[in-house]
Engineer: 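First the structure, which I've put down as structure tokens, then a few questions once you've had a look.
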Amino acid sequence: MPEFRLYNSLTGEVEPFAPADGSTVRLYTCGPTVYNPAHLGNFRTFLFEDLLRRVLRMRGWGVEQVMNLTDVDDKIIKRATERGITIRALTDPVVTTFHADREYLRIQAAEHYPRATEYIAEMIALVERLQANGVAYRADDGSVYFAIDKFEGYGRLSRLDTRKIRTGARVAQDDYAKENAQDFALWKSAKPEDEACAAAWDSPWGRGRPGWHLECSAMAMALLGETLDIHAGGVDLMFPHHEDEIAQSEAATGKPFARFWCHGEFLLTDGAKMAKRVGNVSTVADLREQGVSAAALRHFVFSTHYRKQLNLSAAALEASIEAVRRIGDFSDRLARETAGSPALSEAADTLLVEATTVLSDDLNAPRAVGALFEFISAANRALDSRGSDPAALGRAREAFRQVNGVLDIVPDRGTSGGELADWVEAQLEARTQARARRDFAAADAIRKSLEEKGIAIEDSPSGTRWKSVR
RNA sequence: GGCACCGUAGCCAAGUGGUAAGGCAGAGGACUGCAAAUCCUUUAUUCGUCGGUUCGAUUCCGACCGGUGCCUCCA
């Protein structure tokens, strides 16, 4: 197997990667802020991380993944206040929705989904550590800030020259009493509305709540140790979120916070970043309503490299729906064939080599999808010309299973079992009899009625097959 | 204003200093009672534009045009 390589935002280069301990990758992925169901832009990033996770496992490593759930922040407090409920009451249902959406998209579960509000003690301890190290200060408003000029190398990840970050209008609008406009809050003193919705905790600095960046550092270190193998998220998190995480983590421990930083690019809609503020978001619920399967969305997302912007369009989704249909048909065929040929076996070997090679090269999923289609063509050809070797078929099934185990784009289709299946089989039997007496009008009528119910049929020398196409 | 990225067939999208993967859509053919599925053939002498480097550039450099993002909460 070729060396596994991954783009590292820290260096701006694709570098060889292996977990520090040689066996388990400690992966931290920034998760959703749970005040609203995550949109497809968010899920593009989570899908990229799912791919990363699966490729790491394909490489034979274990993965210990953490995805945080930010359940306390300004927006959450604002909304909870509007509704007169606690932040917990607001966020619980959103967390449930997040996991339902995640499962629909077949994103594998991380090992840990820590909620910020359950790690308050760890966050306070981290702030105390930073204070002891002289890089945090308490301001007149009672909040505690990180002094970025005390941390050498601030801005290294995002390559932003700190002196060039404008300290003008928008930054100055901040209500907080920072010494330097670029300093960020570690601990925010509580306001009455924070108390009202149960978003305040006791601390050495009085009642308050954690700053946003703090939670990731505290939870990552609590669950994965002080140096992560990989820290991933969307590109918009690079600055200031990840920059601040690095500053506060490294200022506390004196150790590198993450060996690799990986960032997924945006999903665009109508040529603009999908974001709530732009008002162009769509959700998993919208997708389901439009009849776009998880398989189709996964195909769509993995058709473009994760470090390239991807534009969501009806036409592109439609193409993915068709592409996934072909993959599904092939999958069905592989399941019902009984033997293969040397050509099939050869195609299987090629697929395995190609897919592992390109996926190991900075997660080149588009090429892996290409390799999969080349395999499908070659395998169909081999299967058409018949073979007599069950082992060759076994190799093809295994190769297909392995590659699909990473991309996971074979659609779910109910073609057996249940009342529907019994009914369809009865219809097909009636049609077969009609065809036998050459009553094609009756046969076509049955086919048409099945189509109206979303059942497509295919006649073959060995009988008639059916599949659900919705 | 600062910093990045992107611009490849009708659409989506890989890619390499040596002559353009794959998918969708389209066209023709085989198979089929007709379909569907599958297979075969076919669709960019050309990779935003103009220069430069080179024996040779889509791939490197420069300028320009167009698009997107980050610099503020943000996947």
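Note on naming: letters A, B, ... go to the chains in the order of the sequence lines (proteins, then strands), and numbering restarts at 1 for each one. Everything numeric in this text was worked out from a predicted model, so none of it was measured.
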Engineer: Using the C1' atom in both, what is the distance from A44(B) to G51(B), to the nearest Å?
Structural biologist: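 A44(B) and G51(B) have their C1' atoms separated by 24 Å.
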Engineer: Can you tell me how far C1' in C11(B) sits from the matching atom in G26(B), rounded to whole Å?
Structural biologist: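 The same atom, C1', in both gives a distance of 12 Å.
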Engineer: With sugar-phosphate meaning primed atoms plus P, OP1 and OP2, does D444(A) contact a base, only sugar-phosphate, or nothing at under 4.0 Å between heavy atoms?
Structural biologist: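 Contact class for D444(A): base.
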Engineer: Would you mind pulling out the nucleotide paired to C64(B), Watson-Crick or G-U wobble, both distances under 3.5 Å?
Structural biologist: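 Partner of C64(B): G48(B).
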Engineer: Reckon R277(A) touches a base, only the sugar-phosphate, or nothing at all at heavy-atom distances under 4.0 Å?
Structural biologist: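 The answer is base, as R277(A) lies within the cut-off (heavy atoms under 4.0 Å) of a base atom.
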Engineer: Look at all strands and tell whether D236(A) reaches a base, only sugar-phosphate, or nothing, counting heavy atoms closer than 4.0 Å.
Structural biologist: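 Answer is base: heavy atoms of D236(A) come under 4.0 Å of a base.
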Engineer: I want to verify a distance call: between C39(B), C34(B), U72(B), whose nearest atom is closest to the P240(A) side chain?
Structural biologist: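 Nearest listed nucleotide: U72(B).
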Engineer: Quick check for you: among G22(B), G33(B), A37(B), whose closest atom lies nearest to any side-chain atom of D329(A)?
Structural biologist: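 Nucleotide nearest to D329(A)'s side chain: A37(B).
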Engineer: Taking pairing as Watson-Crick or G-U wobble with both contacts under 3.5 Å, can you name the mate of U53(B), or confirm there isn't one?
Structural biologist: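 Answer to the pairing question: none, since U53(B) forms no Watson-Crick or G-U pair.
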Engineer: Please name the nucleotide paired to G1(B) by Watson-Crick or G-U wobble geometry with both distances under 3.5 Å, or report none.
Structural biologist: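 Pairing partner: C71(B).
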Engineer: So what's U42(B) paired with, Watson-Crick or G-U wobble, going by both distances under 3.5 Å?
Structural biologist: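 Paired with G26(B).
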Engineer: So, R386(A) and E337(A), do they make that salt bridge, N to O below 4.0 Å?
Structural biologist: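 So R386(A) pairs with E337(A) through a salt bridge.
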Engineer: Give me the distance, rounded to whole Å, that separates A30(B) from A36(B) when you measure between the C1' atoms they each carry.
Structural biologist: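 Rounded to whole Å, the distance is 15 Å.
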Engineer: I want to verify a distance call: between C34(B), U38(B), C71(B), whose nearest atom is closest to the R447(A) side chain?
Structural biologist: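 Nearest nucleotide to the side chain: C34(B).
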Engineer: When you get a sec, tell me which of G22(B), A75(B), G33(B) is the closest nucleotide to the side chain of R431(A)?
Structural biologist: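 Nearest listed nucleotide: G33(B).
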Engineer: Between C5(B) and U53(B), how far apart are the P atoms? Round to whole Å, please.
Structural biologist: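 Comparing P positions in U53(B) and C5(B) gives a spacing of 25 Å.
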Engineer: So M274(A), base contact, sugar-phosphate only, or nothing? Heavy-atom distance under 4.0 Å.
Structural biologist: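 Touches a base.
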Engineer: If you check every side-chain atom of D459(A), which of A37(B), A21(B), C34(B) has the closest atom?
Structural biologist: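 Between A37(B), A21(B), C34(B), the one nearest the side chain of D459(A) would be C34(B).
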Engineer: Scan every strand shown for a Watson-Crick or G-U wobble partner of U58(B), both distances under 3.5 Å, and answer none if you come up empty.
Structural biologist: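 The base-pairing partner of U58(B), which may sit in any strand shown, does not exist here.
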Engineer: Salt bridge or not for E3(A) and R5(A), using N-O below 4.0 Å?
Structural biologist: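 R5(A) and E3(A): salt-bridged.
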Engineer: Tell me the partner of U16(B), counting only Watson-Crick (N1-N3 plus N6-O4 or O6-N4) or G-U wobble (N1-O2 and O6-N3) with both under 3.5 Å; none if nothing fits.
Structural biologist: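 In the structure as shown, U16(B) has no Watson-Crick or wobble partner.
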Engineer: What is the nucleic acid contact for N364(A), judged by heavy atoms within less than 4.0 Å: base, sugar-phosphate only, or nothing?
Structural biologist: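 Here N364(A) touches the backbone only, sparing every base.
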Engineer: Where the side chain of K308(A) is defined as all heavy atoms beyond and including C-beta, which of U38(B), C71(B), U8(B) is the nearest nucleotide?
Structural biologist: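 Shortest atom-to-atom distance from the side chain points to U8(B).
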Engineer: Look at all strands and tell whether A38(A) reaches a base, only sugar-phosphate, or nothing, counting heavy atoms closer than 4.0 Å.
Structural biologist: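 The residue A38(A) makes no contact with any strand.
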Engineer: What's the gap between U45(B) and C6(B) when it is taken at their P atoms, as a whole Å value?
Structural biologist: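 Roughly 24 Å separates the two P atoms.
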Engineer: Which one is paired to C34(B), where only Watson-Crick or G-U wobble pairs with both distances under 3.5 angstrom count?
Structural biologist: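 In the structure as shown, C34(B) has no Watson-Crick or wobble partner.
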Engineer: Under the criterion salt bridge (charged side-chain N to carboxylate O under 4.0 Å, His left out), I'd like the reasoning laid out for R298(A) against D50(A): C-alpha separation, chi angles, the key distance, then a yes or no.
Structural biologist: CA-CA 10 Å; R298(A) 292 183 71 98; D50(A) 183 54; 2.8 Å; yes
Engineer: Can you figure out which of G22(B), C34(B), A14(B) approaches the side chain of P366(A) most closely?
Structural biologist: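 My answer, after comparing the listed nucleotides, is A14(B).
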Engineer: Can you tell me, in whole Å, how much space there is between the C1' of A27(B) and that of G48(B)?
Structural biologist: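 Result for the C1' pair: 29 Å, nearest Å.
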Engineer: Once you apply a heavy-atom cut-off of 4.0 Å, does H39(A) come out as touching a base, just sugar-phosphate, or nothing?
Structural biologist: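 Here H39(A) touches the bases of the nucleic acid.
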Engineer: Take the angle between the ring planes of F184(A) and Y154(A) and call it parallel below 30°, perpendicular above 60°, tilted in between.
Structural biologist: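 The arrangement is parallel - the two ring planes meet at less than 30°.
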Engineer: Taking CD in E346(A) as the centre, count heavy atoms belonging to other residues, nucleotides or ligands within less than 6.0 Å. Is the count above 12?
Structural biologist: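 Open: at most 12 neighbouring heavy atoms sit under 6.0 Å from CD of E346(A).
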Engineer: Is R447(A) salt-bridged to D444(A), going by a charged N under 4.0 Å from an acidic O?
Structural biologist: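 Answer for the salt bridge query: yes.
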Engineer: Provide, to the nearest angstrom, the distance between the CD atom belonging to Q309(A) and the C1' atom belonging to G7(B).
Structural biologist: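 Taking atom C1' of G7(B) as the reference, CD of Q309(A) is at 12 Å.
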